[in-house]
Amino acid sequence: MKQLFTLFTALLLLTSTGYSIAGFGLHLDQGFFTVDETTTPLEVAGAEVGSITHHGFSNGYGIGGYLYVDAIPMVDVDLEAVMHLAPYEFSFEQNQGVGISNQKFGWADFAIYATLQKKLFKLSIPLLAKAKLSAGAGVNTHSAIPMISQDMLVSVMGGEDNLEGGTLDTNDLKDFLKENKVSSTGFHIQTGVQFKLLMLDSFLYYRQVFAKDVIPDASSFGSLNLRVGMGF
């Protein structure tokens, strides 16, 4: 038992004397963006039969996981898989007075981030903890569900002729979202702090993403990111 305790203590001291060569854990973030409220007409055979309103939304949250490798000289390699989510409401108004108001729906985006990071500054507490400031850049890919539109309603309500009196088919809705996902690629820059206590890692950093069509009518968005995990 004493030998096992000595080995465990030595391992902790070893990992605390330098930064981990690899790590993984949980990723959480809050986005910084705004989607304005918009209203567009619904038309059947060129005649306006109603309107659809997106009531707008802002920010949103992300959850996922990360993996990094710090075994390459000069830079760290960082990979993340994140699901971003934001609820919003929409209204579907028809000229004949029938419609739905303030129904809940959601925007979602699945993203992969690959980043190269470089250390800018390091602070150490001997045998206990370390912190470092780093900055990085990388590429990202996104797969987002589309916003509610006339094309979506035509598809899920049995055709254009049913816009005024049809009912929504949830199976058709699922198929439409899969077939019409919004795919995009872009790049990002980020900077933040990593704090390491023995084998526990935490990261707090800001990221700016440049990718068209991920956020409706926007070419970029920011996020504040928190990660908690293990480093080895």
Side-chain angles (χ1 to χ4, degrees), residues 19 23-38 53-70 74-90 104-123 131-149 177 180-196 200-229 231:
Y19 279 96
F24 66 93
L26 175 69
H27 170 103
L28 301 169
D29 73 61
Q30 178 175 358
F32 298 116
F33 57 83
T34 298
V35 178
D36 295 330
E37 180 175 304
T38 58
T53 298
H54 301 143
H55 293 289
F57 61 95
S58 59
N59 301 330
Y61 298 90
I63 184 170
Y66 72 89
L67 170 68
Y68 73 85
V69 177
D70 188 10
M74 304 298 292
V75 295
D76 301 346
V77 178
D78 196 291
L79 297 174
E80 293 173 337
V82 184
M83 177 66 77
H84 301 109
L85 303 167
Y88 69 92
E89 295 183 346
F90 73 96
K104 294 186 180 298
F105 202 63
W107 169 84
D109 166 49
F110 179 74
I112 300 291
Y113 296 91
T115 310
L116 294 179
Q117 298 196 91
K118 181 174 177 57
K119 178 185 68 179
L120 301 178
F121 178 78
K122 182 172 68 173
L123 176 66
K132 69 177 179 180
L133 174 68
S134 62
V139 295
N140 50 77
T141 64
H142 301 264
S143 182
I145 66 173
M147 300 286 287
I148 289 179
S149 63
L177 295 179
N180 294 271
K181 63 184 179 181
V182 180
S183 298
S184 180
T185 59
F187 69 96
H188 59 272
I189 55 176
Q190 64 186 53
T191 186
V193 176
Q194 176 188 3
F195 182 79
K196 182 174 183 290
L200 299 177
D201 262 343
S202 62
F203 302 77
L204 182 65
Y205 60 96
Y206 178 83
R207 169 186 287 152
Q208 188 69 29
V209 179
F210 301 90
K212 294 183 178 179
D213 301 324
V214 178
I215 307 297
D217 300 320
S219 58
S220 67
F221 63 95
S223 66
L224 183 64
N225 305 266
L226 173 67
R227 305 196 312 194
V228 179

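Quick note: numbers below take in every heavy atom, side chains included, and nothing from hydrogens, waters or symmetry partners.
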- Message: Please evaluate residues T191 and Y205 with respect to the criterion side-chain contact (heavy atoms from CB on, under 4.5 Å), reporting the C-alpha separation (whole Å), side-chain torsions for both, the decisive distance (0.1 Å), and the verdict.
- Response: CA-CA 5 Å; T191 186; Y205 60 96; over 6 Å; no

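- Looking at residues two or more places apart in sequence or on another chain, you find a side-chain contact (heavy atoms from CB on, under 4.5 Å) between F221 and F33, Y113, H142, V209, V214, I215.
- Between K119 and Q194, every side-chain heavy-atom pair lies at or beyond the 4.5 Å cut-off.
- You'll find the side chain of H84 reaches within 4.5 Å of the side chain of D29, heavy atoms only.
- Going from atom CZ of F90 over to atom CD of E37 covers 13.5 Å, rounded to the nearest 0.5 Å.
- Across A211 and N140, no two heavy atoms sit closer than the pair CB-OD1, 3.9 Å.
- Across all their heavy atoms, F57 and A86 have their closest contact at CD1-CB, 3.7 Å.
- Note that CZ of F32 and OG of S58 are 11.0 Å apart. Values are rounded to the nearest 0.5 Å.
- The side-chain contact (heavy atoms from CB on, under 4.5 Å) search around F210 returns F187, I189, Q208, S220, not counting sequence neighbours.
- The shortest non-hydrogen separation linking P146 to V182 is CA-CG2, 4.3 Å.
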- Query: How far apart are the C-alpha atoms of I63 and L26, what are their side-chain angles, what is the distance that settles it, and do they pass the side-chain contact (heavy atoms from CB on, under 4.5 Å) test?
  - Reply: CA-CA 8 Å; I63 184 170; L26 175 69; 4.1 Å; yes

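- Side-chain contact between E80 and R207 is present, with at least one heavy-atom pair separated by less than 4.5 Å.
- Qualifying side-chain contact (heavy atoms from CB on, under 4.5 Å) partners for L67, counting only residues two or more places apart in sequence or in other chains: F24.
- No side-chain heavy atom of R227 sits under 4.5 Å from any side-chain heavy atom of D201.
- In this structure, W107 CH2 and I145 CD1 are separated by 9.0 Å, a value rounded to the nearest 0.5 Å.
- Side-chain atoms of M147 and Y88, non-hydrogen and from C-beta on, do get closer than 4.5 Å to each other.
- With contacts defined as side-chain heavy-atom distances shorter than 4.5 Å, the pair L204/L224 qualifies.
- Rounded to the nearest 0.5 angstrom, D36 CG and D217 CG are separated by 8.0 Å.
- Judged purely by atom type and a 3.5 angstrom limit, N225 uses its side chain to pair as donor or acceptor with the backbone of S223.
- Closest heavy-atom contact between F110 and A81: CZ-CB, 4.2 Å.
- Within the 3.5 Å criterion, the main-chain N or O of S143 finds a donor-acceptor partner in the side chain of D109.
- Between V77 and L116, the shortest heavy-atom distance links the atoms CG2-CD2, 3.8 Å.
- For H54 (side chain) and I148 (main-chain N/O), a donor-acceptor pair under 3.5 Å exists by modelled atom type.
- Nearest approach of A108 to L85, heavy atoms of both residues: CB-CD2, 3.6 Å.
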